[in-house]
Number of protein chains: 2
Amino acid sequence: MGTMRTQHEIGTRERIVRTTSRLMQRQGYEATGLKQISQEAQATLGSVYHFFPGGKRELAVEAVRHGDREFAEFLRAAFDKEDDPAAAIVACTRDLAEELRESGWLDGCPVTTTALESVGRAPEIQQAAEDAYENWRTLVRDKLTRSGFAGDVAHDLAHTVINTLEGAELSAQVSQSEAPLEIAGRHLARLIDSYR
Amino acid sequence: MGTMRTQHEIGTRERIVRTTSRLMQRQGYEATGLKQISQEAQATLGSVYHFFPGGKRELAVEAVRHGDREFAEFLRAAFDKEDDPAAAIVACTRDLAEELRESGWLDGCPVTTTALESVGRAPEIQQAAEDAYENWRTLVRDKLTRSGFAGDVAHDLAHTVINTLEGAELSAQVSQSEAPLEIAGRHLARLIDSYR
DNA sequence: ACACGAATAGAACGAACGCTCTATCCAGTA
DNA sequence: TACTGGATAGAGCGTTCGTTCTATTCGTGT
């Protein structure tokens, strides 16, 4: 039988994944230790290896997938609120900047740091990160095609929208300023509008 | 008296900085050990601490500054070859993609990984990274203003040019594909042209 | 009451980490 | 020939890493 569980409590496994995702978002893969994860997740090292026999690597893959779902949810929410795709992207940059500032410029993209550290060194993690980016691009592309943009135009725009958001958020973190994201929003809207 | 040195040989200090920059570009800050640096730079641990008493942190700052100068040189070269700024950016994306592919998708931005790992954890390194981004933006802005773009337009475009290059290179690395950079080049040129 | 697997718990392992320390080498100067 | 200080050399410090291991507890079906 499946595990009986109250609606609002989450299991140990999920708590470990969320903690790992948040820690690697802020510190990256290498700087995040399993001891720290187990402590902050209020789990023991035994539990961590019970749920993730593959160790730190497997845990990182799950953390990246969690970050994938998290940001996808963020995009869906923004796309549901705004009908116009260009306006929706601008709303994204605004919300992203606000969240970033409120976290003391610490909570950037939950995938990027780990992704960069894994390039050429941890294929499973890199693959999970690639899946995430592709997932996000698909959400943007579908939003654009539903607004009447041609398939190939929407495909290319989706690439640049995600990549520019990524780069602008990185820059905003490093310079502790909302400007890069605000500028990115305006430019992306202008770029999208230029294809109408 | 200054050190006498033949034109083409480089000193131990410079060799350590270059090695550190290349290693941190590929592996990031945390995954790069001082033992590995000293071995690959053909220097001893004693020499490393002799030239960099501040240890790994100080070494990382120098490595980021080295990466700063390196990419600035790359931008200057591209801007000198192409008169038109939009064409120059496209040339940048092409060369960047080629270098990336030739390195087996390993040699991305020499600053980004270390910068992300340092956010909120190592202020000196973060500052060096911020200086690098600002330096590169200034190069782009000057190129644009020299071609007749208004100051504020050039300022904003410089932000998005650098940030989009950054995000596209990251995406190209993770997906091992030149497409993100090729698309970024086309879109940035279109965005620049839209302000003429 | 009993059994059994899932889950929890944390001690302990070898390896690697950043860094400190002392010793040695060697060119320039008196 | 002695002295000096920059540079080289590497053993060893304490700590932390990811991982393994055995033991115990918990929850549920019989």
Side-chain angles (χ1 to χ4, degrees), chain A residues 1-6 9-21 23-24 26-64 113-114 117-118 121-125 128, chain B residues 1-6 9-21 23-24 26-64 113-114 117-118 121-125 128:
Chain A
M1 274 295 160
T3 309
M4 196 56 152
R5 187 177 296 155
T6 312
E9 70 169 331
I10 61 176
T12 302
R13 198 197 126 98
E14 180 68 14
R15 209 165 55 244
I16 293 171
V17 171
R18 291 190 194 185
T19 302
T20 305
S21 179
L23 285 174
M24 289 192 178
R26 297 194 172 201
Q27 314 177 343
Y29 175 82
E30 296 287 347
T32 301
L34 292 184
K35 293 240 164 79
Q36 186 186 14
I37 291 172
S38 67
Q39 282 170 13
E40 298 209 9
Q42 297 185 104
T44 63
L45 220 38
S47 297
V48 172
Y49 275 95
H50 170 75
F51 289 111
F52 308 95
K56 199 181 181 183
R57 291 272 185 105
E58 183 181 348
L59 201 38
V61 169
E62 291 303 314
V64 167
T113 311
T114 304
E117 288 179 280
S118 75
R121 315 181 74 239
E124 332 93 283
I125 305 177
Chain B
M1 275 293 166
T3 309
M4 195 56 151
R5 187 176 294 154
T6 312
E9 69 168 332
I10 60 175
T12 303
R13 197 198 128 98
E14 181 68 14
R15 210 164 55 245
I16 292 171
V17 171
R18 293 190 192 183
T19 302
T20 305
S21 180
L23 285 175
M24 290 191 178
R26 297 195 173 201
Q27 313 177 344
Y29 175 82
E30 295 286 347
T32 301
L34 292 184
K35 293 242 165 74
Q36 185 186 13
I37 290 172
S38 68
Q39 282 170 13
E40 299 209 9
Q42 297 186 104
T44 62
L45 213 43
S47 297
V48 172
Y49 275 96
H50 172 73
F51 288 111
F52 307 96
K56 198 181 182 184
R57 290 274 185 102
E58 183 181 348
L59 202 37
V61 170
E62 291 303 315
V64 167
T113 311
T114 304
E117 288 179 279
S118 76
R121 315 182 74 240
E124 331 94 283
I125 305 177

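All figures in this text were calculated on a predicted structure; none of them were measured in a lab. Below, read A as the first sequence line, B as the second, and so on, with proteins coming before strands; counting in each chain starts at 1.
In this structure, A:H50 atom NE2 and C:dG5 atom P are separated by 13 Å, rounded to whole Å. For the pair A:I37 CD1 and D:dG18 P, the interatomic distance rounds to 8 Å; values are reported in whole Å. In this structure, A:Y49 places its OH atom 8 Å from C1' of D:dT20, rounding to the nearest Å. Rounded to an integer number of Å, the gap from B:L23 CG to C:dG18 P is 12 Å. Following rounding to the nearest Å, B:K35 (NZ) and D:dT16 (P) show an atom-to-atom distance of 16 Å. Atom P of nucleotide D:dG10 and atom CD of B:Q39 are separated by 11 Å, given to the nearest angstrom. In this structure, B:F51 places its CZ atom 5 Å from P of D:dA7, rounding to the nearest Å.
Each of A:L59, A:I125, A:T20 was compared with A:V64 under the side-chain contact (heavy atoms from CB on, under 4.5 Å) criterion, and only A:I125 meets it.
Inter-residue side-chain proximity for B:Y29 and B:R57 is flagged as met; some heavy-atom pair is nearer than 4.5 Å.
Nucleic acid contact class of A:S38 (heavy atoms, under 4.0 Å, all strands): none. Contact annotation for A:G33: backbone-only contact, meaning every heavy-atom pair under 4.0 Å involves sugar-phosphate atoms and none involves a base. When heavy atoms are screened at a 4.0 angstrom cut-off, A:L45 is found touching base atoms of the nucleic acid.
Residues from residues 55-63 of chain B with heavy atoms under 4.0 angstrom of DNA chain C, sorted by number: B:G55, B:K56.
Of the side-chain N and O atoms in A:S47, one or more sit less than 4.0 angstrom from OP1 or OP2 of C:dT8.
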